[in-house]
2 protein chains.
Amino acid sequence: MKPKIEDVAKLAGVSPTTVSRVLNNRGYISDKTRDKVQQAMNELNYFPNDVARTLFNKRSNLIGLILPTTANPFFGELTFHIENICASLGYKVLLCNSLNQVDKEEKYLEMLLRNQVDGIIVGTHNRGILDYHKQGLAVVAIDRYLSETIPVVSSDNYDGGKTATELLIHNQCQCIVLIDGIGELETPARLRRKAYMDLMEQHRQTPIIYEIAEVFEQNSYIPILNDLFTEHPEVDGVFATNDLFAAALWNEAKKRNKSIKVVGYDGTETLRTLLPELTTIKQPIKSLAEAAIDILIKEIEEELPDLPLETKLPIKLIKGTTA
Amino acid sequence: MKPKIEDVAKLAGVSPTTVSRVLNNRGYISDKTRDKVQQAMNELNYFPNDVARTLFNKRSNLIGLILPTTANPFFGELTFHIENICASLGYKVLLCNSLNQVDKEEKYLEMLLRNQVDGIIVGTHNRGILDYHKQGLAVVAIDRYLSETIPVVSSDNYDGGKTATELLIHNQCQCIVLIDGIGELETPARLRRKAYMDLMEQHRQTPIIYEIAEVFEQNSYIPILNDLFTEHPEVDGVFATNDLFAAALWNEAKKRNKSIKVVGYDGTETLRTLLPELTTIKQPIKSLAEAAIDILIKEIEEELPDLPLETKLPIKLIKGTTA
DNA sequence: ATTTTTATGTCAACCCGTTGACATATGAAA
DNA sequence: TTTCATATGTCAACGGGTTGACATAAAAAT
């Protein structure tokens with residue numbers, strides 16, 4: 001069986017308390033004893049049982065991460081950065097792919113609570129979260145409003161939407177269509193649409209919006225894009241609120257030999273390797289991760305943290321050839 | 001503070017043991033009592049502390065997942081499927097992005113052991129794993145040989161390499177180059193190269209190999225691709241052992257107005273949305289996840305599991321326009 | 001020579017939930 | 001009436017590590 005402190009103590013010829021003192025750097029320990037203990041630990045391949053420690057300390061150093069799916073490169077990259085930063089700070093990540101399904105989100109939330117996570121990073125609309133936050137759980141949201149008290153980190157969505165739309169207008173586009181996710185929720189990302197609407201109004205153009213469910217399945221885009229081309233054959237500019245939509249449209253347009261200006265949103269490394277010609281609004285993914293973790297850890301570790309309820313990070317226009 | 005069993009018991013007017021009996025469906029409980037207890041749990045927002053349960057039961061239902069990075073869409077999708085299947089089976093996933101760095105792998109491994117994971121899925125070359133497996137930890141590898149006793153799940157890499165190379169030959173390519181990761185390790189994925197070599201020999205062509213470090217950073221590809229085009233301007237066919245390499249090459253070739261046939265490997269959903277024209281060998285990612293978990297859970301749950309040491313799943317040629 | 005500091009041991013309580021042993025009390029079946 | 005299945009309670013030990021209290025002893029400082 002797995003060795004425990006007692007075994008280490010026996011082998012090192014000391015008391016369990018002394019081993020614990022070595023492990024936690026508490027009280028007085030001579031170098032000689034420390035070495036003996038460490039050697040015994042090596043010999044036995046001993047590693048402290050973090051479950052037992054968590055139980056006593058009431059700190060798991062576990063962070064729950066709930067997002068739609070790591071299969072989407074934006075979340076894949078975000079997840080990478082979040083986990084990476086967490087690891088460097090001694091936190092561990094419990095991953096949850098909710099696919100934006102409320103029932104799954106609730107199950108995941110309960111799972112995380114049962115596992116005594118110290119905090120949760122949410123990149124999906126998690127209704128339930130609200131209650132639990134009141135119960136003292138640290139929560140931070142990425143691009144989602146969960147409640148008035150939960151800090152939100154996001155890219156400057158309005159500026160992104162504005163930059164994208166302005167670029168298309170500047171490109172002399174006469175019929176600019178917005179392709180967006182389904183618009184039931186009031187998220188910060190919705191500001192991309194808001195900016196588009198505002199700009200269109202300013203330039204006396206009619207906004208045209210197509211919505212695609214973000215189910216992250218190939219070909220789910222196709223029928224809606226077909227509608228777009230049928231109903232608006234004159235389309236000559238598209239702002240898609242994420243790069244997958246943008247790429248799907250771009251490829252459909254190519255098939256149809258349509259000359260359309262396209263701007264996407266996200267600007268992942270993956271996109272820039274696979275489809276560098278796509279002009280897009282790049283989110284500072286690593287910075288988003290850093291900001292979210294910074295806030296979450298403040299919530300976890302500080303008594304009366306002074307939290308920024310809204311953190312907006314600058315976007316960057318990546319010029320490809322599509323606009 | 002968080003409610004515990006005792007609080008539930010008090011509110012429900014029963015003993016802690018009875019609450020535990022309700023939670024674990026043990027012994028006799030009347031419907032009336034069960035309801036009372038359940039209601040008390042709801043009222044208090046009580047969730048059992050899985051840390052305490054784990055400590056007692058010696059089962060955490062935690063699975064460690066170690067892979068290079070979820071920022072790579074192949075691993076992003078694999079991660080999604082693994083986590084998803086695990087969740088449906090009552091397992092939770094602790095995520096580790098090792099970036100293929102041995103020191104990180106070792107730290108992650110120790111972390112997972114401390115956290116009493118029931119098993120580990122490894123998609124990276126984790127030298128240390130070997131030892132721990134001997135100590136009775138369930139381990140399964142994806143596309144890596146870790147030791148003689150650790151089951152490996154992979155796509156049929158040889159068939160994939162063969163199919164890709166054959167296609168290029170069939171396309172009348174005269175100078176077929178292989179772009180591969182750096183070849184220090186003997187991995188199943190290396191069979192893609194083996195197949196290429198074999199085919200080239202069979203057709204009396206000279207194999208030409210360029211190696212790119214899989215650091216997953218854009219532009220790390222560029223200098224090596226430059227070399228390729230300078231040293232072999234006659235190249236007219238390329239088999240890249242992953243789609244990111246393939247896409248990078250494809251885009252560089254377009255820049256140079258070179259007409260080259262290209263075949264990639266992986267065939268993620270992301271690729272097929274972003275760059276559907278790329279011809280590629282599609283790995284059955286979901287099936288890989290299923291097979292790996294199936295084996296791992298057998299290791300965890302069965303006394304004397306009869307494990308397939310090598311599981312090869314069929315690949316599929318996805319015909320785009322690049323070959 | 002005396003006080004302090006350093007070093008280690010013993011012991012018990014605690015973290016939260018689980019489980020087995022045992023007692024007790026119904027109501028139902030034999 | 002006796003027996004048995006059902007229902008619940010009490011109690012203690014356990015899982016592995018942590019921590020505070022207290023005791024003891026040697027080495028260092030005064």
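None of these values were measured; they are calculated from a predicted model. In what follows, chains carry the letters A, B, and so on, assigned in the order in which the sequence lines appear, proteins first and then strands, with residues in each chain numbered from 1.
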Worksheet item: Is the shortest side-chain N/O distance from B:Lys58 to OP1 or OP2 of D:dG15 below 4.0 Å?
Response: no

Worksheet item: Do A:Ser20 and A:Thr17 have side-chain atoms, one donor and one acceptor, less than 3.5 Å apart?
Response: no

Worksheet item: Looking for any heavy atom pair under 4.0 Å, which part of the strands does A:Val51 touch: base, sugar-phosphate only, or nothing?
Response: nothing

Discussion item. Could you report the tightest heavy-atom contact between A:Gly123 and A:Arg144, atom names first, then the distance?
Written reply: O-NE, 3.7 Å

Calculate the interatomic distance between [X] atom [atom1] and [N] atom [atom2]; express it in whole Å.
X	N	atom1	atom2	result
B:Arg59	D:dC14	CZ	P	23 Å
A:Lys2	D:dG15	NZ	C1'	12 Å
A:Asn25	D:dT19	CG	P	12 Å
A:Asn115	C:dG17	CG	P	13 Å

Discussion item. Test side chain to side chain contact (heavy atoms under 4.5 Å, CB included) on A:Leu94 and A:Asn115; report intermediate values, then the result.
Written reply: CA-CA 9 Å; A:Leu94 265 177; A:Asn115 282 276; 4.1 Å; yes

Item to complete: Take A:Leu55 and B:Gly13, find for each the nucleotide of DNA chain D with the closest heavy atom, and name the residue whose nucleotide sits nearer the 5' end.
Response: B:Gly13

Any [X] side-chain heavy atom under 4.5 Å of [Y] side chain:
X	Y	answer
B:Val22	B:Val14	no
A:Asn25	A:Arg34	yes
A:Leu67	A:Cys96	no
A:Ile297	A:Ile293	yes

Discussion item. Quick one, A:Lys298 with A:Asp294, criterion salt bridge (Lys or Arg N to Asp or Glu O under 4.0 Å). Give me CA distance, side-chain angles, the key distance, then yes/no.
Written reply: CA-CA 6 Å; A:Lys298 271 200 189 115; A:Asp294 191 59; 3.6 Å; yes

Practice prompt. Run the salt-bridge test on A:Lys92 and A:Asp50 with the 4.0 Å N-O cut-off and return the result as yes or no.
Written response: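 Salt bridge present between A:Lys92 and A:Asp50.
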
Worksheet item: Per the side chain to side chain contact (heavy atoms under 4.5 Å, CB included) rule, which among A:Pro308, A:Ser147, A:Pro188 passes with A:Val152?
Response: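 Filter result, single survivor: A:Pro188.
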
Protein-nucleotides 18-22 of chain C N/O pairs closer than 3.5 Å?
| residue | atom | partner | partner atom | Å |
| --- | --- | --- | --- | --- |
| C:dT18 | OP1 | B:Asn24 | OD1 | 3.3 |
| C:dT18 | OP1 | B:Asn24 | ND2 | 3.3 |
| C:dT18 | OP1 | B:Arg53 | NE | 3.3 |
| C:dT18 | OP1 | B:Arg53 | NH1 | 3.2 |
| C:dT18 | OP2 | B:Ser20 | OG | 3.3 |
| C:dT18 | OP2 | B:Asn24 | ND2 | 3.4 |
| C:dT19 | OP2 | B:Arg26 | NH1 | 3.3 |

Enumerate the protein-to-nucleotides 23-29 of chain D contacts in which both atoms are nitrogen or oxygen and the separation is below 3.5 Å.
none

With 3.5 Å as the limit, what N/O pairs link the protein to nucleotides 2-7 of chain D?
| residue | atom | partner | partner atom | Å |
| --- | --- | --- | --- | --- |
| D:dT6 | OP2 | B:Tyr28 | OH | 2.6 |

Discussion item. Run the side chain to side chain contact (heavy atoms under 4.5 Å, CB included) test on B:Ser287 and B:Glu290 for me, step by step, so that the C-alpha distance in whole Å, both residues' side-chain angles and the decisive distance to 0.1 Å come before the verdict.
Written reply: CA-CA 5 Å; B:Ser287 303; B:Glu290 285 167 346; 4.3 Å; yes

